[in-house]
Amino acid sequence: MGLKGYSIRYLSMLQKNFIIPIGLLIFASSCTHFKTQSSSSKQRCLATTNSQCESVFTSPQLNPQQMSLKDQLLLLAQDKSQQAQIIKSLDSLMPLIAKLSGENKLKPVLSVLAQKLLDMGKLPARFTQENLTETVDQLTTMIEHQFIAKNLSQKSKNKYISWLEACRKIAKSAQKTLVPPRGPGHSSAFENSDFIKELELVAESKFRRSSEVKLLVDGPQSFPLKEKLISEAKKSIYVMSWAFEKDTTGWKFAKLLAAQHKAGRDVRIIVDNKTAQQEIYGAVPAWLKEQGVPIIQWKDLEFPMYAFHKKSMIVDGRHLVDGGMNFGDVYSHMGPEATPKWRDTDFYANDNAAIDTQKVFIEVWNSQVDKNNLPYTKLVFDLKEHVSTENQNGPLIMTIDQVPNPEVRDPILASIIKGVEGTTTEINIENAYFIKNPAMNQALIRALKRGVKVRIFTNSPNSIDVPIIGKPILRALDDLYRFGAEVYLKQGATLHSKFMTVDGLASWIMSYNHHPQSMRLQGEIAHVILNRNFTGNLVTQFQTDISTLATKISDITSLQPAMGLLDIILQRYFFDQL
């Protein structure tokens, strides 16, 4: 699901005119999906933590310089007028904050700071004595992860690749071609075999034929099919999901999977670890584990900021459902009537598409068993059991797996940019989070300059589930609009789709969002489908979406919102986690 979970999820809860520097960043840590635990357990935890923190804070463990940091931050937190000075002060404090992080002393400092700000009435009402400890924990993790990622921590092991450097590298690989970009009046590069080979090269994968591919629009089309496939499974059910929510959908499918496990099917599940640490997302995985279902909570001990965002279900090595949907009511449209009904997209395919995605599952499963010394058997890919009965006239589908890495090697983005470079007539992009990326931005402007029609449909500030990134999305669309892109913003419930169509010939359906997390921090999966009928159906759906669910931008000033202090801090210090 994009940003929910460990990232900057609920920064929008915070009010711009309140709490500065690290205090301000504390409310940044509402970044995660707050759900109230029992009052007694949290009060016990908080009491223990506060007692320990006060003891640490007044003990020789923190030197006078660290005491001074607390005092400086408290002063800054009360100053609402000098934004430039605040940023300058924050910059000057960064080495000290990094030092505290490296020495594991940052959390005690932030705990005392947060408590004093709460006592002073400087925190919004939603921040209470009960949830303050959880908030500080989340903030500390965010800051430490950012320092590690940027090689500013004693725990860092790798050079930090700048955004400009990473984007230049990706763009360079995508632009290398024997088929120069062309505009309307020329045949699409997707009809050129040399271009297809180049696309496979940057995607680090291959197109293979399947017998069938079917578009699944929204949960009412996707989840009944998932239920049918699970119920009719003969051998195996492998699931990758960012999360199972503790709601009607999460529990329904957990019980279906547990029943099939008890019936002797090989049921295995992978979810994101940081997400599963939260009560709302942890209850179902914990229950599945109690039922004996092998379930891995994906994590990377060397790079704790990395996350798992793939959403695939493979049944009997023959059937695949993939796309943007996790297991929750907002996706399925089940549950209470008042539950928001998000717009999302999955697809069904069989044969080679299922086989190739199962290979990805096996690689992820075995890697986690090895790296984290898990008590599960490893899987072996038996080619004899996975001989495709492919239809020679069936759709060509390529599976692209992305593993987060410090080199920022991003085969999914590289394939997308390659696709944009090969377009001659029309590009349609429907994506939940569209934040400016130099490589993508340049490719789309190049396409616009050669006469390609570019239409982008993404969330508006009033539809997005993470309101604080509403402004970064708008500002990412400014340049593209200037060069002639049509921009459509979602109205109503959240848009969670992640797809692109090119020249009516090729489609990308994926877990990948156009934001920094997908490029730098998250494991993602994408499928490129070369099929005129399927892509035509997806284009038709895109046109339906923008005509019924969106507002078309007609004034560039609506894409130029003023940036407040919180927005500046967010982009300056936490851009990687957007």
Side-chain angles (χ1 to χ4, degrees), residues 1-2 4-6 205 216 222-223 225-226 229-230 233 236-245 249-250 253-254 256-258 260-261 265-276 281-282 284-285 288-289 293-300 306-328 331-332 344-349 353-372 374 376 378-379 381 397 399-404 411-412 496 498 509-513 517-518 521-527:
M1 148 176 213
K4 261 190 353 181
Y6 70 98
S205 186
L216 303 172
S222 181
F223 282 85
L225 177 57
K226 289 179 182 178
L229 291 173
I230 291 171
S236 62
I237 307 165
Y238 296 157
V239 175
M240 297 188 285
S241 184
W242 177 81
F244 279 75
E245 300 201 22
T249 305
F253 280 84
L256 286 171
L257 291 165
Q260 285 293 60
H261 166 72
R265 312 294 183 260
D266 182 16
V267 178
R268 303 188 192 219
I269 303 168
I270 306 173
V271 296
D272 178 62
N273 178 63
K274 285 190 288 291
T275 306
Y281 301 117
V284 172
L288 282 164
K289 187 174 182 180
V293 178
I295 182 167
I296 286 177
Q297 295 184 10
W298 189 99
K299 60 185 174 182
D300 189 317
Y306 290 166
F308 186 79
H309 196 243
K310 299 169 187 177
K311 304 127 190 305
S312 309
M313 186 180 84
I314 313 104
V315 175
D316 292 337
R318 309 296 300 179
H319 305 283
L320 169 69
V321 178
D322 207 301
M325 300 185 213
N326 299 294
F327 289 87
Y331 311 98
S332 69
D344 212 337
T345 305
D346 277 350
F347 76 96
Y348 166 82
I355 292 171
D356 291 345
T357 306
Q358 180 153 310
K359 287 180 182 178
V360 172
F361 182 95
I362 291 172
E363 289 171 2
V364 174
W365 183 272
N366 290 348
S367 174
Q368 284 287 293
V369 169
D370 284 340
K371 287 184 177 181
N372 300 323
L374 300 176
Y376 295 128
K378 293 172 68 174
L379 291 164
F381 184 81
I397 303 178
T399 303
I400 310 176
D401 180 38
Q402 176 170 308
V403 178
I412 295 179
H496 199 252
K498 308 152 201 317
I509 294 188
M510 50 201 175
S511 65
Y512 192 98
N513 289 297
Q517 282 194 48
S518 284
L521 300 179
Q522 294 180 167
E524 306 279 9
I525 193 165
H527 290 84

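Predicted model, so just to flag it, every value in this text is computed and none were measured.
- Expressed to the nearest 0.5 Å, how far CZ of Phe244 lies from CG of Leu288 amounts to 6.5 Å.
- The nearest pair of heavy atoms linking Ile314 to Ala354 is CG2-O, 3.7 Å.
- With Asn273 contributing its side chain and Trp298 its backbone, the two residues share no donor-acceptor pair below 3.5 Å.
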Subject >> Candidate pair Thr345 and Met325, rule side-chain contact (heavy atoms from CB on, under 4.5 Å), full reasoning >> reply: CA-CA 7 Å; Thr345 305; Met325 300 185 213; 5.6 Å; no

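- Side chain of Tyr376 to backbone of Ile295: a donor-acceptor contact under 3.5 angstrom is found.
- Put simply, the side chain of Ser312 reaches to within 4.5 Å of the side chain of Ile525, judged on heavy atoms.
- A donor-acceptor pair is defined here as one N or O able to donate and one able to accept, closer than 3.5 Å; no such pair exists between the side chain of Ser236 and the backbone of Asp266.
- With rounding to the nearest 0.5 Å, the separation of CZ in Arg268 from CE in Met240 is 14.0 Å.
- Salt bridge Lys359/Asp401: absent, no basic N to carboxylate O contact under 4.0 Å.
- With contacts defined as side-chain heavy-atom distances shorter than 4.5 Å, the pair Val293/Leu257 does not qualify.
- In this structure, Asn513 CG and Glu524 CD are separated by 6.5 Å, a value rounded to the nearest 0.5 Å.
- Although no hydrogens or angles enter the test, the distance criterion places a donor-acceptor pair under 3.5 Å between the side chain of Gln260 and the main chain of Ile230.
- You'll find the side chain of Glu245 reaches within 4.5 Å of the side chain of Tyr281, heavy atoms only.
- Side-chain contact between Glu363 and Val403 is absent, with no heavy atoms from C-beta onward closer than 4.5 Å.
- For the atom pair CD1 (Ile412) and NE2 (His527), the distance works out to 9.5 Å, reported to the nearest 0.5 Å.
- Here the closest heavy-atom approach between residue Trp242 and residue Val271 is recorded as O-CB, 4.3 Å.
- Side chain of Ser241 to main chain of Asn326: no donor-acceptor pair is present (N/O by atom type, distance under 3.5 Å, no hydrogens or angles).
- The existence of a salt bridge linking Lys378 and Asp370 is confirmed by a sub-4.0 Å separation between a basic side-chain nitrogen and an acidic carboxylate oxygen.
- Aromatic ring centroids of Phe223 and Tyr331 lie 6.0 Å or more apart.
- Between the Asp346 side chain and the Gly324 main chain, a donor and an acceptor come within less than 3.5 Å of each other.
- The CD1 atom of Ile397 sits 11.5 Å away from atom CD1 of Ile355, with the distance rounded to the nearest 0.5 Å.
- Counting only distance, with no hydrogens or angles, the side chain of His309 and the backbone of Ser518 share no donor-acceptor pair below 3.5 Å.
- Remark: side-chain polar atoms of Lys498 are not paired, donor with acceptor, to backbone N or O of Asp344 under 3.5 angstrom.
- Side chain of Gln368 to backbone of Lys299: a donor-acceptor contact under 3.5 angstrom is found.
- The structure places CD1 of Ile296 at 9.0 Å from CZ of Phe308, a figure rounded to the nearest 0.5 Å.
- Of all heavy-atom pairs spanning Val284 and Ala254, the tightest one is CG1-CB, 3.5 Å.
- Put simply, the side chain of Gln358 reaches to within 4.5 Å of the side chain of Ile362, judged on heavy atoms.
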